[in-house]
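Okay, structure first, notes after.
Atoms within each ligand, like the ligands themselves, are counted from 1 in listed order.
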Amino acid sequence: MEKQKANILRFKEMKQQGKKITMVTTYDFGMMSQVDKTDIDMILVGDSAANTMMGYDGTVQIDLDTMLVFCKAVANAAKHTFMVADMPFMTYEIGPEQAMLNAGRMIREGRADALKLEGGERIANTVAALVKAGIPVMGHIGLTPQSAAQLGGFKVQGKSLQSAKQIVKDALALEQAGAFAIVLEAIPSPVAKIITESVHVPTIGIGAGYNCDGQVLVIHDLLGLFDRYTPKFVKRYANLGEDMQKALNTYASEVRDGVFPDEEHSFSMSQDLVEQLTTELHDDGIL
Ligand code: KIV
């Protein structure tokens, strides 16, 4: 049976029914075409494209126009999967007006179904404005990579009493602002449990333990396509990087050995026509 594209009401229902929500990042047409054929409920065109697709060490380098390129490519293949896209660094921090203008482009040009913004209480009024404008918003708290410099690096958040309290307050502020779901990144499982039990919208964990309503992973990490660094919370389900290297080495050696291309992968011409062509090329002085 063909997969039905879910929506924000379905995700809330899944939380109520205790059905886990599954999410991965995706950045291009080819990968999305595969994801769309799976049971994955929702995808994220993450600003982690800065790392996985562009090789930067952080996510702040990616700008709106670049994110739009990835969104457009993914949208062309996301026929049965709900598509969330990250608003990149500094496209919403100035305030609701800036956020609204840029969000409009992400939805209209990028064809995202929903947008994700990093931050809790400090951006709650911006989230509320976007929701009021009819845009589904996903929150993202805990380790927020766009502010990694201010957090002192890519570190687990919410380990102290004060920091854990702030993250709970951030989650409540986002729910109050109308976010339809909240990503909890790199926080202790007990803090994620408290949040998940305190809000009515789904929590999607990444490094936040099994009590969340759903999970998200970066697809390159999950498939073994990114080996520059691997956070503790990543589980690798395949080694596609190694498979790719093997396939490419086989191709290279077959080309070198004259094994590829063979008859099966070539176009033929009748011998008569070949002879006529050769004769005419000489007669016409072309050769
Ligand atoms: O950009 C991204 O990949 C993300 C996930 C880590 C949630 O925001």
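Near Ile206, the atoms of ligand 1 lying under 4.0 angstrom from a non-hydrogen atom of the residue are 6 (C). In summary, the atoms of ligand 1 found under 4.0 Å from a heavy atom of Gly46, numbered by their order in the structure, are 1 (O), 2 (C). Contact atoms of ligand 1 toward Asp86: 1 (O), 2 (C), 8 (O) (distance under 4.0 Å to a heavy atom of the residue). Close contacts of ligand 1 with Val218, meaning ligand atoms under 4.0 Å from a residue heavy atom, involve 3 (O). Proximity to His140 (heavy-atom distance under 4.0 Å) selects the following atoms of ligand 1: 8 (O). Interface atoms of ligand 1 facing Glu185, defined by a heavy-atom separation under 4.0 Å, are 6 (C). Taking every non-hydrogen atom of Thr25 and a distance limit under 4.0 Å, the qualifying atoms of ligand 1 come out as 3 (O). Distances below 4.0 Å separate heavy atoms of Lys116 from the following atoms of ligand 1: 4 (C), 8 (O).
Remark: minimum distance from atom 2 (C) of ligand 1 to any protein heavy atom is reached at Ser48 OG, 3.2 Å. Scanning the protein heavy atoms around atom 5 (C) of ligand 1, the nearest turns out to be Leu44 CD2, 3.8 Å.
Note: Met87 CE to Lys116 NZ = 11.5 Å, rounded to the nearest 0.5 Å. To the nearest 0.5 angstrom, Gln34 atom CD is 10.5 Å from Asp28 atom CG. Residue Gln215 holds its CD atom at 8.5 Å from OG1 of Thr203, rounded to the nearest 0.5 Å.
Residue Ile43 forms a side-chain contact (heavy atoms from CB on, under 4.5 Å) with just one option from Asp113, Ile219, Thr26, and that option is Thr26. The only option from Asp36, Thr81, Asp41 that meets the side-chain hydrogen bond (donor to acceptor under 3.5 Å, both in side chains) definition with Lys3 turns out to be Thr81.
Here the side chains of Val24 and Leu222 are in contact, with some heavy-atom distance below 4.5 Å.
Within the 4.0 Å heavy-atom shell around ligand 1 one does not find Glu118.
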TODO: Under the salt bridge (charged side-chain N to carboxylate O under 4.0 Å, His left out) rule, what do Glu197 and Lys193 come out as? Steps first, then yes or no, please.
DONE: CA-CA 6 Å; Glu197 288 170 355; Lys193 183 170 189 283; 3.1 Å; yes
Task: Test side-chain hydrogen bond (donor to acceptor under 3.5 Å, both in side chains) applied to Gln4 and His80, step by step - done: CA-CA 6 Å; Gln4 285 280 316; His80 308 285; over 6 Å; no
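Note: no N/O pair closer than 3.5 Å links Tyr27 and ligand 1 by distance alone.
When heavy-atom distances to ligand 1 are checked against a 4.0 Å cut-off, Thr59 has no atom that comes that close, whether in backbone or side chain.
Below 30°, between 30° and 60°, or above 60°: for Phe260 and His265 the angle between ring planes is between 30° and 60°, a tilted geometry.
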